[in-house]
*Asks:* 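Before anything else, here's the structure in question.
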Amino acid sequence: MGTDVDIAIVGAGPYGLSAAAHLRAAGRSVRIFGEPLEFWRSQTPIGMWLRSPYHGSNLGDPRSDFTLQAYERETGPITRPIPVERFIDYGLWFQKRIVPDIDRQNVRWVTRTNGGFTVETDSGSITARRVVVAAGVGTFAHLPDELRGLSPELCSHTMSHHDLSHLAHKRVTIVGGGQSALETAALLYESDADVDVLIRAPFVRWLTEASWKHRSRVVSPVLYARPDVGPAFASHLVARPRLYTSMPMSTQLRLATRSVRPAGAGWLRPRLQQVPLRLSTTLVSADEAGDRVKVTLSDGSVDLVDHVVTATGYRVDLSKYRFLDPAVVDAIRCPDGYPRLTAGFETSVAGLHVIGAPAARRHGPLMRFVAGSDFAARAVTRGITGG
């Protein structure tokens with residue numbers, strides 16, 4: 001098969017950019033498609049801070065020349081926690097230096113053709129021997145059944161709000177108990193919205209780096225790996241996906257559950273002192289009432305609100321990647337929605353690789369965080385080059 005490029009990468013977020021950096025360093029012909037950091041630039045709230053720690057927020061390049069520390073030396077100090085605007089600027093800085101020729105076209109279709117793939121864009125098509133899908137989680141946003149009948153003007157997922165100013169001074173109910181729900185609540189409260197949060201659990205789990213376990217230079221490295229994904233000790237297993245995947249599946253599932261359960265960063269807590277966090281409370285029903293929403297809760301209360309924001313996470317389903325030919329999706333083995341992958345992130349469709357959050361079932365919860373981008377890029381490169 002004559003090809004235009006050896007490897008096409010769909011998606012230019014942290015995972016796509018990191019994969020391009022490693023594959024090009026290995027001498028492969030690579031073309032990467034997409035707007036750089038598009039999800040971060042258009043679907044994360046202005047004013048957000050990263051829950052991930054400083055050392056868990058680097059993109060991956062082969063020699064670690066383009067780390068946050070290198071960016072900080074060049075552009076000036078970064079506060080902790082990291083403001084999302086600085087992380088986006090870091091990602092663009094990385095992209096301009098390591099993948100300057102990014103193709104910003106939208107990928108409309110990917111299908112198999114004569115032992116390879118055809119990638120159709122807005123302006124034409126190319127052929128590639130392999131395709132690496134790094135399209136992120138935006139398309140997997142989960143909306144609870146109780147809210148699906150509401151119009152987008154009355155109900156939305158947190159990923160729909162880059163600018164929360166249109167909800168200022170409104171009555172808003174947020175559904176969820178994790179970082180996204182809690183930080184959205186803080187940002188809305190600070191914009192004078194009347195906001196409350198419905199949390200299914202009987203308590204809020206707070207993650208804090210202020211504890212002695214994190215502060216101690218002796219104890220902290222023993223308990224926590226640098227990406228700081230997962231609880232004490234377990235984070236070392238999560239940070240080493242090859243070790244993680246060598247464990248029994250039952251152990252992997254327990255670790256994954258403990259590592260990604262809903263929690264809020266400790267630095268959010270002071271900002272939520274005046275926000276009602278309604279524990280052990282769920283949404284029973286939600287109905288349109290003119291230009292408002294009538295919500296009925298599990299504690300028997302009924303309220304009228306201007307908007308419901310759901311922070312109920314993402315559910316992986318490759319069929320929601322609309323650019324993938326359904327015949328290709330049907331050929332991918334996807335137990336529980338997650339693709340079955342090799343050590344090199346290759347699916348059951350030869351030559352098609354998937355990285356990022358959809359790889360979490362095979363390679364562990366690290367794949368849900370920026371910190372996993374370097375491992376994924378190195379593993380894909382080894383799988384393709386045999387190195």
*Asks:* Could you list the residues that satisfy ring pair (Phe, Tyr, Trp, His ring centres under 6.0 Å) with Y15, not counting sequence neighbours?
*Replies:* none

*Asks:* Return yes if a side-chain donor-acceptor contact under 3.5 Å exists between D194 and H169, otherwise no.
*Replies:* no

*Asks:* P231 versus S259: any side-chain heavy-atom pair under 4.5 Å?
*Replies:* yes

*Asks:* Nearest heavy-atom pair of R271 and Y189: which atoms, and what distance?
*Replies:*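 Looking at all heavy atoms of both residues, the closest pair is O-CD2, 4.2 Å.
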
*Asks:* For R200, does the CZ atom sit with more than 12 other heavy atoms under 6.0 Å from it, leaving out its own atoms?
*Replies:*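 Incorrect, the count does not exceed 12.
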
*Asks:* Taking atom CZ of R333 as the centre, does the number of heavy atoms from other residues, nucleotides or ligands within less than 6.0 Å exceed 12?
*Replies:* no

*Asks:* Indicate the atoms forming the closest heavy-atom contact of V110 with V107, along with that distance.
*Replies:* CG2-CG1, 3.8 Å

*Asks:* Please examine the side chains of F87 and P14, heavy atoms only from C-beta on, and report whether any two atoms are closer than 4.5 Å.
*Replies:* yes

*Asks:* Tell me which donor-acceptor pairs under 3.5 Å the side chains of residues 236-243 have, and how far apart each pair is, sequence neighbours excluded?
*Replies:*
{"unit_1": "H236", "atom_1": "ND1", "unit_2": "R240", "atom_2": "NH1", "d": "3.4"}
{"unit_1": "H236", "atom_1": "NE2", "unit_2": "P221", "atom_2": "O", "d": "3.1"}
{"unit_1": "H236", "atom_1": "NE2", "unit_2": "V222", "atom_2": "O", "d": "3.0"}
{"unit_1": "R240", "atom_1": "NH1", "unit_2": "H236", "atom_2": "O", "d": "2.9"}

*Asks:* Above 12 or not: heavy atoms from other molecules or residues under 6.0 Å from CD of Q274?
*Replies:*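 For Q274, atom CD is not crowded (no more than 12 foreign heavy atoms under 6.0 Å).
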
*Asks:* Give a yes or no answer on whether the side chain of E85 reaches the backbone of G47 with a donor-acceptor pair at less than 3.5 Å.
*Replies:*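 Checked: pair present.
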
*Asks:* How about R315: does its CZ atom have over 12 heavy atoms from other parts shown lying under 6.0 Å from it?
*Replies:* no

*Asks:* Report yes or no: does T121 contribute a side-chain atom to a donor-acceptor pair with the main-chain N or O of G124 at less than 3.5 Å?
*Replies:*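 Yes, the answer is positive, given that a donor and an acceptor are paired below the 3.5 Å cut-off.
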
*Asks:* Side-chain contact, heavy-atom cut-off 4.5 Å: S285 with E146?
*Replies:* no

*Asks:* Determine whether a donor-acceptor pair (N or O, by modelled atom type, separation under 3.5 Å) exists between the side chain of S301 and the backbone of L297.
*Replies:*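 No.
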
*Asks:* Taking the side chain from Y90 and the backbone from S57, do they hold a donor-acceptor pair closer than 3.5 Å?
*Replies:*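 Not at all, since once roles are kept as given, no pair shorter than 3.5 Å links the two residues.
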
*Asks:* If you define the side chain from C-beta out and look only at heavy atoms, does anything of M247 sit under 4.5 Å from L255?
*Replies:* yes

*Asks:* Quick check against the 3.5 Å criterion: does R41 have a side-chain atom that pairs as donor or acceptor with the backbone of P36?
*Replies:* yes

*Asks:* Flag the pair F323 / V133 as yes when at least one side-chain heavy-atom distance between them is below 4.5 Å, and no otherwise.
*Replies:* yes

*Asks:* Is the number of heavy atoms from other residues, nucleotides or ligands within 6.0 Å of CZ (R63) greater than 12?
*Replies:*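 Not more than 12 within 6.0 Å, no.
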
*Asks:* Flag the pair N58 / D374 as yes when at least one side-chain heavy-atom distance between them is below 4.5 Å, and no otherwise.
*Replies:* no

*Asks:* Run the salt-bridge test on D306 and R292 with the 4.0 Å N-O cut-off and return the result as yes or no.
*Replies:* yes

*Asks:* Would you say the side chains of D196 and T173 form a donor-acceptor pair under 3.5 Å?
*Replies:* yes

*Asks:* Please answer whether the main-chain N or O of L341 pairs with a side-chain N or O of E346 as donor and acceptor at a distance below 3.5 Å.
*Replies:* no

*Asks:* Is any side-chain N of the basic residue among R80 and E72 closer than 4.0 Å to the acidic one's carboxylate O?
*Replies:* yes

*Asks:* What I'd like to find out is whether the side chain of W40 reaches to under 4.5 Å of the side chain of V370, using heavy atoms alone.
*Replies:*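 They are in side-chain contact.
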
*Asks:* Closer than 3.5 angstrom, by distance alone: can the side chain of T127 be matched with the main-chain N or O of D4 as a donor-acceptor pair?
*Replies:* yes

*Asks:* Can you see whether W206 has R51 sitting over its ring - NZ or CZ less than 6.0 Å from the centre and within 45° of the normal?
*Replies:* no

*Asks:* Strictly by modelled atom types, are T281 and S298 linked by a side-chain donor-acceptor pair under 3.5 Å?
*Replies:*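 On atom types as modelled, these side chains do not qualify, holding no pair under 3.5 Å.
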
*Asks:* Hey, does the side chain of T184 reach the backbone of A181 with a donor-acceptor pair shorter than 3.5 angstrom?
*Replies:*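 No.
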
*Asks:* Taking Y71 as the fixed residue, which of F94, W93, Y54 is the one that meets the ring-ring contact (aromatic ring centres under 6.0 Å, His included) rule?
*Replies:*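 One option only clears the test, and that one is W93.
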
*Asks:* Thinking salt bridges, do D61 and R97 make one under a 4.0 Å N-O criterion?
*Replies:* no

*Asks:* Do L17 and I102 make a side-chain contact, defined as non-hydrogen atoms from C-beta onward lying under 4.5 Å apart?
*Replies:*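 A side-chain contact under 4.5 Å exists here.
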
*Asks:* Considering only residues two or more places apart or on different chains, which pairs with a residue in residues 355-369 satisfy side chain to side chain donor-acceptor pair (under 3.5 Å)?
*Replies:*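 Counting only pairs at least two positions apart or across chains, the side chain to side chain donor-acceptor pair (under 3.5 Å) contacts touching residues 355-369 are D336-R361, Y338-R368.
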
*Asks:* Please say which of T158, T310, T312 ends up in a side chain to side chain donor-acceptor pair (under 3.5 Å) with S180.
*Replies:* T158

*Asks:* Can a donor-acceptor pair be found, under 3.5 Å and without considering hydrogens, that links the side chain of S348 to the backbone of A331?
*Replies:* yes

*Asks:* Could you check whether any side-chain N or O of Q105 sits under 3.5 Å from a backbone N or O of S123, counting only pairs where one atom can act as donor and the other as acceptor?
*Replies:*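 Such a contact is found between Q105 side chain and S123 backbone.
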
*Asks:* Please check if the number of heavy atoms outside R104 that lie under 6.0 Å from its CZ is greater than 12.
*Replies:* yes

*Asks:* Can you classify the ring geometry of H307 versus H166 as parallel (below 30°), tilted (30 to 60°) or perpendicular (above 60°)?
*Replies:* perpendicular

*Asks:* Can you spot which of D6, T385, T381 makes a side chain to side chain donor-acceptor pair (under 3.5 Å) with R28?
*Replies:* D6

*Asks:* With a 4.0 Å cut-off, would you call D325 and R112 a salt bridge?
*Replies:* no

